[in-house]
Amino acid sequence: MDLLELRAALDEIDRQIVELYEKRMDVCSQVAAYKIETGKRVFDKEREQQKLQAVSSMTHSEFNAHGIKDLFEQIMAISRKLQYQMIAEQKKTGRLSFTEIDEIGSTNCRVVFQGAEGAYAQAAMMEYFGQQVDYFNVDTFRDAMLAIDEGSADFAVLPIENSSAGIVSEIYDLLVEFENYIVGEQIIKIEHCLLALPGTKQTQIKTVYSHPQSLMQSAHYLFEKGWQQISMKNNAFAAKKVADDKDMTQAAIAGETAANIYGLDILERGVNDVKGNSTRFIIVTNQKVFVKKASKISLCFEVSHESGALYHALSHLMYNGLNMTKIESRPLIGRNWEYRFFLDFEGNLTDSAVKNALRGLREETRNMKILGNY
């Protein structure tokens, strides 16, 4: 047979495959109707494993056994997505656990941020809530989470990632630990400044204090200077230490706001290596709410430690036309080489596509938690 004849043969086989696929999906829709009527769960992992073993055994080579297994995994995944869609159309998606609100209140609310006066978190807070916001500050991220968890604050402003230094991993872990939720975000441009006591010259400096990420973001500048670097919990704490110690051999890397608050001179501006550097802060509360115009969803989940598990979980976004904008992973304590995944994707909790994807993810992953819609 020449190539044209071979292609014609493949076309005929493909036509039959499409015909059989549509017949199979028709039967799957009947299965979905039965499950809706009886309340049975869509995902039956044991049944699917038996099916995969059965179809693999029908092949005549190891290569074909692997191929048919992959093919049927996809077919059954598509079948489940059809069933989730039918459930949504029957309006049996369950009660939405989040409450829709018009806007995040900026008056009559109390806000907490981590760090001393002059921290970048304070600038983010005032940018989001306004200059007249009622606020207080705490020493640690955990303290901020506890403040909103127990109700002494309505909102917390926390840094979650920097454009050059990456994620703040502790925040991800705390979002899982606490029943607190993201309701907004604020991006602040970061311009690190070298701060010292009035009258200090750079030649006098021997030690620089700052947050570890700020030291990392200014690595090239500090390497050239050769100063000792000491990590602090927060840039503003570093500025406060320099002001309190009154030692002209000390300097801090922090923002202009910290310089103004603690009466320090700015010896040099923009010492961070990446000039377009910015930090994303999240606005967190203990209420499961989201604003009507919310367009981003954050969630986390775990998957079984087996081939293709993450791919099948993410496919729920793909099949529902949802755009994933970020994925991160954090190790699971006590379970070596297993991870919790954190996703950001575009959408609103009231969207039908989002509801379909969330139902599939909830059915086919472990410990899924919606971290917020904002």
Side-chain angles (χ1 to χ4, degrees), residues 111-127 131 135-144 156-171 186-281:
V111 184
V112 61
F113 68 88
Q114 181 271 339
E117 292 277 343
Y120 284 115
Q122 183 178 13
M125 175 192 69
M126 291 184 170
E127 186 73 24
Q131 297 291 321
Y135 71 88
F136 64 98
N137 53 306
V138 293
D139 287 347
T140 68
F141 296 140
R142 176 173 289 276
D143 289 339
V157 179
L158 300 167
I160 194 165
E161 69 172 320
N162 178 268
S163 58
S164 61
I167 68 169
V168 184
S169 57
E170 184 182 353
I171 301 300
Q186 182 66 52
I187 297 174
I188 294 291
K189 182 181 179 181
I190 303 299
E191 182 183 52
H192 293 323
C193 302
L194 182 69
L195 312 182
L197 293 170
T200 301
K201 297 181 180 179
Q202 286 201 27
T203 54
Q204 296 174 269
I205 296 171
K206 296 180 180 179
T207 307
V208 175
Y209 298 89
S210 194
H211 186 274
Q213 280 201 339
S214 298
L215 294 174
M216 184 190 311
Q217 292 159 12
S218 309
H220 288 91
Y221 174 82
L222 293 173
F223 177 78
E224 291 177 356
K225 298 295 185 182
W227 296 323
Q228 181 185 11
Q229 301 173 37
I230 297 180
S231 298
M232 300 287 287
K233 290 184 292 185
N234 184 274
N235 292 350
F237 283 130
K240 185 176 186 300
K241 176 176 173 55
V242 171
D244 291 344
D245 289 356
K246 301 188 184 306
D247 183 347
M248 285 191 169
T249 68
Q250 296 181 357
I253 289 179
E256 182 177 357
T257 302
N260 295 333
I261 289 174
Y262 297 109
L264 300 176
D265 282 353
I266 298 177
L267 303 189
E268 192 166 346
R269 294 177 180 271
V271 300
N272 39 302
D273 300 329
V274 180
K275 303 309 177 186
N277 189 16
S278 60
T279 294
R280 181 166 72 100
F281 291 83

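For the 3.5 Å distance criterion, the side chains of Ser163 and Asn277 qualify, holding a donor opposite an acceptor. For the 3.5 Å distance criterion, the side chains of Gln229 and Tyr209 fail to qualify, holding no donor opposite an acceptor. For the 3.5 Å distance criterion, the side chains of Lys225 and Gln202 qualify, holding a donor opposite an acceptor. Side-chain contact check for Tyr135 and Gln122: at least one donor-acceptor pair (N or O, by modelled atom type) lies under 3.5 Å. With 3.5 Å as the limit, one finds no donor-acceptor pair spanning the side chains of Gln217 and Asp273. Between the side chains of Asn260 and Thr257, no donor-acceptor pair of N or O atoms lies under 3.5 Å.
Side-chain contact between Thr279 and Ile187: absent, with no pair of heavy atoms (C-beta onward) separated by less than 4.5 Å. Using a 4.5 Å heavy-atom cutoff, the side chains of Ile253 and Leu222 are in contact. In this structure, Thr200 and Asp265 have side chains that are not in contact, with every pair of non-hydrogen atoms separated by 4.5 Å or more. The side-chain heavy atoms of Glu127 and Ile188, taken from C-beta on, include a pair separated by under 4.5 Å. Using a 4.5 Å cut-off on side-chain heavy atoms (C-beta onward), Leu195 and Val242 make no contact. Considering only heavy atoms from C-beta on, Val157 stays 4.5 Å or farther from Gln186 through its side chain. At a threshold of 4.5 Å between non-hydrogen side-chain atoms, the residues Met232 and His211 do not count as touching. The shortest side-chain heavy-atom distance between Phe281 and Leu158 does not fall under the 4.5 Å cut-off.
Not one N or O on the side chain of Ser278 forms a donor-acceptor pair closer than 3.5 Å with the backbone of Lys189. A donor-acceptor contact shorter than 3.5 Å is absent between the side chain of Asp245 and the backbone of Asp247. Judged purely by atom type and a 3.5 angstrom limit, Trp227 uses its side chain to pair as donor or acceptor with the backbone of Ile205. Remark: side-chain polar atoms of Ser218 are not paired, donor with acceptor, to backbone N or O of Tyr221 under 3.5 angstrom. In this structure a side-chain-to-backbone donor-acceptor pair under 3.5 Å is missing from Ser214 to Ser210. Of the possible polar contacts, one joining the Asn137 side chain to the Gly115 backbone as a donor-acceptor pair under 3.5 Å is found.
One distance of note links CD of Gln114 with CZ of Arg142; it measures 13.0 Å at 0.5 Å rounding. How far CD of Gln228 is from OG1 of Thr249: 9.5 Å, rounded to the nearest 0.5 Å. Atoms CG and CD, on Leu197 and Gln204 in that order, are 9.5 Å from each other to the nearest 0.5 Å. Note that CD of Gln213 and CG of Asn272 are 12.5 Å apart. Values are rounded to the nearest 0.5 Å. If you take CD1 on Ile190 and NZ on Lys275, they are separated by 13.0 Å, rounding to the nearest 0.5 Å. In this structure, CG in Leu194 is found 5.0 Å from CG in Leu267, a value given to the nearest 0.5 Å.
Considering all non-hydrogen atoms of both residues, Ile266 and Cys193 come closest at CG2-CB, 3.9 Å. Of all the heavy atoms in Val138 and Ala144, the pair that sits closest is CG2-N, 3.5 Å. Residue Met248 comes nearest to Pro198 through the heavy atom pair CE-O, 3.4 Å, listed as atom of the first residue, atom of the second, then distance. Here the shortest heavy-atom pairing between Tyr262 and Ala236 reads CE1-O, 3.8 Å.
Enclosure of atom NZ in Lys201 is not indicated, since only 12 or fewer non-hydrogen atoms of other residues, nucleotides or ligands lie within 6.0 angstrom. Within 6.0 Å of the CZ atom in Phe223, the count of heavy atoms belonging to other residues, nucleotides or ligands does not exceed 12.
Ion pairing of Arg269 with Glu256 is present here, as a side-chain N (NZ or NE/NH1/NH2) and a carboxylate O approach within less than 4.0 Å.
Under the 6.0 Å cut-off for aromatic ring centres, Tyr120 and His192 qualify, their centroids lying closer than that.
Relative to the ring axis of Phe237, Lys233 places its NZ or CZ within 45° and under 6.0 Å from the centre.
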